[in-house]
Enquirer: 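Okay, here's the structure, questions in a sec.
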Number of protein chains: 2
Amino acid sequence: MPTRAPRADAVVNRARIVSSARAALVESGGSVEGLRLQAVAKDAQVGQGTLYRHFPTREHLVAEVYRQEMTELVQTVPALLAEHPPLQALELWLDRLLEYARVKRGVVAAIEASAWQDLYADNEHRLDHALQTLLDEGAAAGAVREGVDATDVILLLGALSRVPEGQWDARAHTLVTVILDGLRRYR
Amino acid sequence: MPTRAPRADAVVNRARIVSSARAALVESGGSVEGLRLQAVAKDAQVGQGTLYRHFPTREHLVAEVYRQEMTELVQTVPALLAEHPPLQALELWLDRLLEYARVKRGVVAAIEASAWQDLYADNEHRLDHALQTLLDEGAAAGAVREGVDATDVILLLGALSRVPEGQWDARAHTLVTVILDGLRRYR
DNA sequence: CAGTTAAGCGGACGAATGTCCGTTACGCTG
DNA sequence: CAGCGTAACGGACATTCGTCCGCTTAACTG
């Protein structure tokens with residue numbers, strides 16, 4: 001039962017929506033809740049219904065905009081674990097997340113959203129799975145506390161998406177440090 | 001230059017708006033972003049403009065709904081500090097916050113909002129000040145890390161307002177524990 | 001009490017969101 | 001290539017938000 005490929009016009013429209021959303025996110029400083037979907041549809045030259053048909057919620061749209069970033073964050077976990085102890089791997093991974101989020105503020109919001117909804121059709125972008133791997137390896141090594149799962153951490157990392165634009169440098173690293181230290185297992 | 005007292009009808013309308021908002025929040029499980037202001041105005045039997053005149057944003061409205069809770073959380077800090085070491089006082093205070101938030105899910109959202117806007121006319125409800133006192137005393141005692149301020153902690157506590165209804169028991173205490181342990185200063 | 005002032009009102013209005021129905025046009029098949 | 005099925009479309013519509021203007025009325029003063 002092979003599903004038919006999307007129509008060519010739908011593929012083009014979808015790409016145009018994503019492109020317009022990406023530009024609008026840059027314009028709004030990565031503010032997902034400030035993303036005006038009507039304006040995105042207009043800029044993409046599609047009707048409003050078309051936008052919602054492709055992306056049922058704004059989270060779906062943002063997740064698609066940042067698909068590449070999510071993939072990279074997920075794919076970097078095995079290499080970090082291969083080269084570093086689990087806790088250090090976790091720290092380096094969080095630093096990488098900070099780098100992404102510094103430039104593209106919507107990434108954290110996309111991560112938050114993807115923790116609660118299955119926004120991608122495959123596991124390649126399941127950042128919660130990747131993060132869970134880091135936590136599991138850390139716990140197995142006795143360096144990360146048990147009883148915390150990836151969703152908990154994503155909830156906490158959500159704080160990053162709420163830092164005002166002008167306070168990123170003052171707060172972001174501190175937040176991640178507190179979270180990381182809270183995850184440590186001290187003996 | 002004494003300011004005139006509010007008119008009697010305005011006082012009544014304001015109280016009706018708050019009462020309707022409180023009921024609506026209970027109905028929606030404390031979801032602030034799901035609070036429909038038009039419905040609140042209608043239920044309160046006031047015009048839409050009247051609602052916005054009294055409460056310019058939904059955060060102002062929610063802050064008023066939970067004014068009593070905020071006062072109690074603020075006022076409990078000196079007593080906790082008088083009877084316990086700072087870190088333990090902080091822990092007990094966070095436990096108290098959890099109790100409030102368990103029953104009234106909008107309390108954390110009100111705290112979040114009040115960290116960024118001056119929503120109360122006095123300092124009696126400045127929860128960020130109260131929390132800062134706990135952090136300062138803890139740092140002075142060498143038990144809480146330095147370089148973290150109340151706003152950082154409030155950002156992190158924002159995770160609580162995003163825990164889905166059915167997962168509170170599974171996650172809330174863990175989140176607060178991670179935050180608290182991240183705030184500790186280990187030597 | 002009457003007159004005045006301005007606090008406070010209601011709801012019309014435009015913008016934005018999300019839904020859905022009639023129409024269009026893409027892609028497949030014979 | 002023509003015809004058919006249906007994927008996909010545009011945009012009207014109702015709802016909600018937030019603003020603002022003309023009107024109402026509460027409160028003060030002489």
Side-chain angles (χ1 to χ4, degrees), chain A residues 1-21 23-25 27-65 106 109 113 116-117 119 121, chain B residues 1-21 23-25 27-65 106 109 113 116-117 119 121:
Chain A
M1 274 300 104
T3 309
R4 197 172 85 175
R7 280 172 29 177
D9 56 342
V11 170
V12 170
N13 283 339
R14 183 183 171 96
R16 288 209 329 230
I17 294 169
V18 173
S19 176
S20 291
L25 280 167
E27 189 88 2
S28 72
S31 164
V32 174
E33 69 281 351
L35 184 65
R36 295 192 299 112
L37 297 183
Q38 190 192 27
V40 170
K42 187 164 184 171
D43 185 68
Q45 293 177 311
V46 299
Q48 305 205 156
T50 300
L51 188 144
Y52 286 95
R53 210 160 14 250
H54 285 276
F55 301 101
T57 66
R58 60 180 56 231
E59 283 83 22
H60 285 82
L61 178 54
V62 170
E64 186 59 36
V65 168
W116 302 114
Q117 307 172 60
L119 301 179
Chain B
M1 273 297 106
T3 309
R4 200 174 85 174
R7 280 170 33 175
D9 57 341
V11 171
V12 169
N13 283 339
R14 184 183 171 96
R16 289 211 324 232
I17 293 168
V18 173
S19 177
S20 291
L25 281 166
E27 189 89 0
S28 72
S31 164
V32 175
E33 70 280 349
L35 184 66
R36 295 191 298 111
L37 297 183
Q38 189 194 29
V40 170
K42 186 165 188 175
D43 185 69
Q45 293 176 308
V46 300
Q48 304 203 157
T50 300
L51 187 144
Y52 285 94
R53 210 162 10 251
H54 286 278
F55 301 102
T57 66
R58 64 181 54 232
E59 282 82 22
H60 285 83
L61 179 53
V62 171
E64 187 57 36
V65 170
W116 302 111
Q117 306 172 60
L119 300 180

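Please read these numbers as outputs of a predicted model, since none were measured by experiment. Residue numbering restarts at 1 for every chain, and letters A, B, ... go by the order of the sequence lines.
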Enquirer: What's the spacing between A:Leu51 CG and A:Gln38 CD if we round to 0.5 Å?
Expert: 10.5 Å
Enquirer: Could you check how far CG of A:Leu51 sits from P of D:dC9, rounded to whole Å?
Expert: 10 Å
Enquirer: Give me each pair satisfying salt bridge (Lys or Arg N to Asp or Glu O under 4.0 Å) with a member in residues 44-64 of chain B, each pair once, sequence neighbours excluded.
Expert: B:Arg14-B:Glu64, B:Glu64-B:Arg67
Enquirer: What residues form a side-chain hydrogen bond (donor to acceptor under 3.5 Å, both in side chains) with B:His60, not counting sequence neighbours?
Expert: B:Thr57
Enquirer: Through what angle, rounded to 10 degrees, does the axis of the helix from C:dC1-D:dG30 to C:dG30-D:dC1 turn between its ends, using five pairs per end?
Expert: 0°
Enquirer: Kindly state which residues belonging to residues 10-20 of chain B come within less than 4.0 angstrom of DNA chain C, counting heavy atoms of the residue only, listed by number.
Expert: B:Ala10, B:Asn13
Enquirer: Looking at every non-hydrogen atom in both residues, tell me the closest pair between B:Gly47 and B:Ala41 and how far apart they are.
Expert: O-CB, 4.1 Å
Enquirer: If I take atom CD in residue A:Glu59 and atom C1' in nucleotide C:dT17, what distance separates them, rounded to the nearest angstrom?
Expert: 13 Å
Enquirer: Taking only residues two or more places apart in sequence, or in another chain, which ones meet A:Ala44 in a side-chain contact (heavy atoms from CB on, under 4.5 Å)?
Expert: A:Arg16, A:Ile17, A:Ser20, A:Val46
Enquirer: With sequence neighbours left out, write down each residue that passes side-chain contact (heavy atoms from CB on, under 4.5 Å) with A:Ala24, or none if nothing qualifies.
Expert: A:Leu35, A:Val40
Enquirer: Using the salt bridge (charged side-chain N to carboxylate O under 4.0 Å, His left out) criterion, which residues pair with A:Asp9? Sequence neighbours excluded.
Expert: A:Arg7
Enquirer: Base, backbone or nothing for each nucleotide of nucleotides 14-26 of chain D, written B, S, -, heavy atoms under 4.0 angstrom, 5' to 3'?
Expert: --BBBBB----BS
Enquirer: Quick check on D:dC9: is either OP1 or OP2 less than 4.0 Å from any side-chain nitrogen or oxygen of A:His54?
Expert: yes
Enquirer: If you take all heavy atoms of B:Val18 and B:Val65, which pair is closest and at what distance?
Expert: O-CG2, 4.0 Å
Enquirer: Send over the distance from A:Lys42 NZ to C:dG18 P, rounded to a whole Å.
Expert: 18 Å
Enquirer: Can you sort out the partners of B:Ser31 under side-chain hydrogen bond (donor to acceptor under 3.5 Å, both in side chains), two or more places apart, ordered by chain and number?
Expert: B:Glu33
Enquirer: Could you tell me the separation between the CG atom of A:Leu25 and the CD atom of A:Glu27, rounded to the nearest 0.5 Å?
Expert: 10.5 Å
